[in-house]
Amino acid sequence: MMTFAMSVNAQTAAEIEATVKKMENPATPCNKAPEAFNSFIKKFSTDEAFMKSRISLPEKELTDFAEVLKPENMTAKLPYEKDGDEFYQSWGELQYNKAYLECGIVDSYCTHTFEFTRKGGLWHLTHIVPGE
């Protein structure tokens, strides 16, 4: 099992917006053919049936993260208050075959990271890395 600590890089609204612009940019490697990540994630984060068809997680991750596996949780989010803490979600590294959505508590730590992988030319949610 691969584990790694994710940095808590993008936490301000401006930093998070910059990660969104990078993710949406057609020149970003993840947006190259055959399936552009920016098109995939728009549908993945709004269509529950499509989302379920593109989840390729191990059973343990499906169980451990069931409460966050909702379309509305699959996008970058400006800092927002929840349970007394300020949370954020921002796009991390964006490669041709991998893309990461980092989720965490502002000025603190990453709670988990969604890892998307291009398989057979199509994007899938393939791993959820717990924070440290």
Side-chain angles (χ1 to χ4, degrees):
M1 172 185 230
M2 178 180 86
T3 60
F4 54 93
M6 299 301 289
S7 63
V8 184
N9 292 327
Q11 298 178 343
T12 68
E15 290 169 328
I16 292 168
E17 288 170 351
T19 73
V20 171
K21 285 181 183 174
K22 181 178 180 182
M23 184 278 296
E24 292 175 343
N25 185 335
T28 301
C30 64
N31 291 322
K32 302 296 181 192
E35 180 179 49
F37 185 77
N38 60 5
S39 298
F40 156 79
I41 203 64
K42 283 178 186 165
K43 189 167 183 182
F44 191 82
S45 64
T46 58
D47 181 332
E48 188 169 0
F50 178 76
M51 184 188 93
K52 287 181 179 183
S53 75
R54 294 291 189 92
I55 292 178
S56 301
L57 293 172
E59 191 63 39
K60 180 167 177 23
E61 289 176 25
L62 281 170
T63 302
D64 291 352
F65 292 94
E67 69 182 53
V68 297
L69 288 173
K70 299 174 187 165
E72 62 270 16
N73 290 333
M74 300 297 156
T75 62
K77 294 184 181 180
L78 299 180
Y80 63 96
E81 203 255 308
K82 177 183 169 191
D83 301 329
D85 286 314
E86 193 173 20
F87 285 84
Y88 75 96
Q89 291 185 195
S90 67
W91 294 106
E93 191 173 348
L94 300 168
Q95 306 168 5
Y96 179 76
N97 284 325
K98 296 270 186 188
Y100 300 91
L101 179 60
E102 300 172 357
C103 310
I105 299 174
V106 172
D107 294 329
S108 188
Y109 63 94
C110 181
T111 58
H112 60 282
T113 300
F114 294 110
E115 179 181 306
F116 297 89
T117 305
R118 194 187 312 243
K119 296 169 44 174
L122 301 176
W123 287 99
H124 294 260
L125 174 60
T126 55
H127 192 46
I128 304 174
V129 181
E132 297 195 20

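Every heavy atom of this structure was used, including side-chain atoms; hydrogens, water molecules and symmetry mates were not.
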So, do [X] and [Y] sit near enough that their side-chain heavy atoms are less than 4.5 Å apart?
X	Y	answer
Pro130	Phe65	yes
Ile41	Trp91	yes
Met74	Phe114	yes

Are Thr111 and Phe87 close enough, and set up right, to give a side-chain contact (heavy atoms from CB on, under 4.5 Å), and what steps lead you there? CA-CA 9 Å; Thr111 58; Phe87 285 84; 4.2 Å; yes

Tell me whether the centres of the aromatic rings in Phe116 and Trp123 are closer together than 6.0 Å.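 For Phe116 and Trp123, the ring centres are not under 6.0 Å apart.
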
[X] versus [Y], closest heavy-atom pair with distance:
X	Y	result
Tyr96	Ala33	OH-O, 2.8 Å
Met51	Lys70	SD-C, 3.7 Å
Leu94	Cys30	CB-SG, 4.0 Å
Ser90	Ala76	CA-CB, 4.2 Å

Which residue, Ile105, Asp107, Ile16, Thr12, forms the side-chain contact (heavy atoms from CB on, under 4.5 Å) with Pro79?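 So the option named by the test is Ile16.
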
Let me know which of Thr113, Thr19, Leu101 forms a side-chain contact (heavy atoms from CB on, under 4.5 Å) with Gln89.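 Exactly one pass, corresponding to Leu101.
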
How far does [atom1] of [X] sit from [atom2] of [Y], to the nearest 0.5 angstrom?
X	Y	atom1	atom2	value
Ile55	His124	CD1	NE2	11.0 Å
Phe44	Leu125	CZ	CG	4.5 Å
Ser56	Glu61	OG	CD	11.0 Å

Do the side chains of Tyr100 and Leu122 join up, straight or via other hydrophobic residues, at under 4.5 Å, putting them in one cluster?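 In one cluster: no.
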
Would a single hydrophobic cluster contain both Tyr109 and Tyr80, if residues Ile, Leu, Val, Met, Phe, Trp and Tyr are joined by side-chain heavy-atom contacts under 4.5 Å?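 Yes, because Tyr80 and Tyr109 connect within a single hydrophobic cluster, where side-chain heavy atoms sit under 4.5 Å apart.
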
Donor-acceptor check, side chain of Asn38 to backbone of Asn25, threshold 3.5 angstrom: yes or no?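 No, Asn38 side chain to Asn25 backbone: no donor-acceptor pair under 3.5 Å.
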
Donor-acceptor pair, side chain of Lys77 and main chain of Glu72, under 3.5 angstrom: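 A pair under 3.5 Å: yes.
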
Inspect the contact between Lys52 and Glu48 and indicate whether a charged nitrogen and a carboxylate oxygen are less than 4.0 angstrom apart.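 A salt bridge links Glu48 with Lys52.
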
Between Thr117 and Thr126: side-chain donor-acceptor atoms closer than 3.5 Å: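 Thr117 vs Thr126: donor-acceptor pair found between side chains.
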
Just checking Glu67: does its CD atom have more than 12 heavy atoms from other residues, nucleotides or ligands closer to it than 6.0 angstrom?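 Atom CD in Glu67 is not packed in, count stays at 12 or less.
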
Would you please test Ile128 and Asp64 for side-chain contact (heavy atoms from CB on, under 4.5 Å) and show each step? CA-CA 9 Å; Ile128 304 174; Asp64 291 352; over 6 Å; no

Given Glu35, which partner from the list Arg118, Arg54, Lys42 fulfils the salt bridge (Lys or Arg N to Asp or Glu O under 4.0 Å) test?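 So, applying the salt bridge (Lys or Arg N to Asp or Glu O under 4.0 Å) to Glu35 and each of Arg118, Arg54, Lys42, only Arg54 qualifies.
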
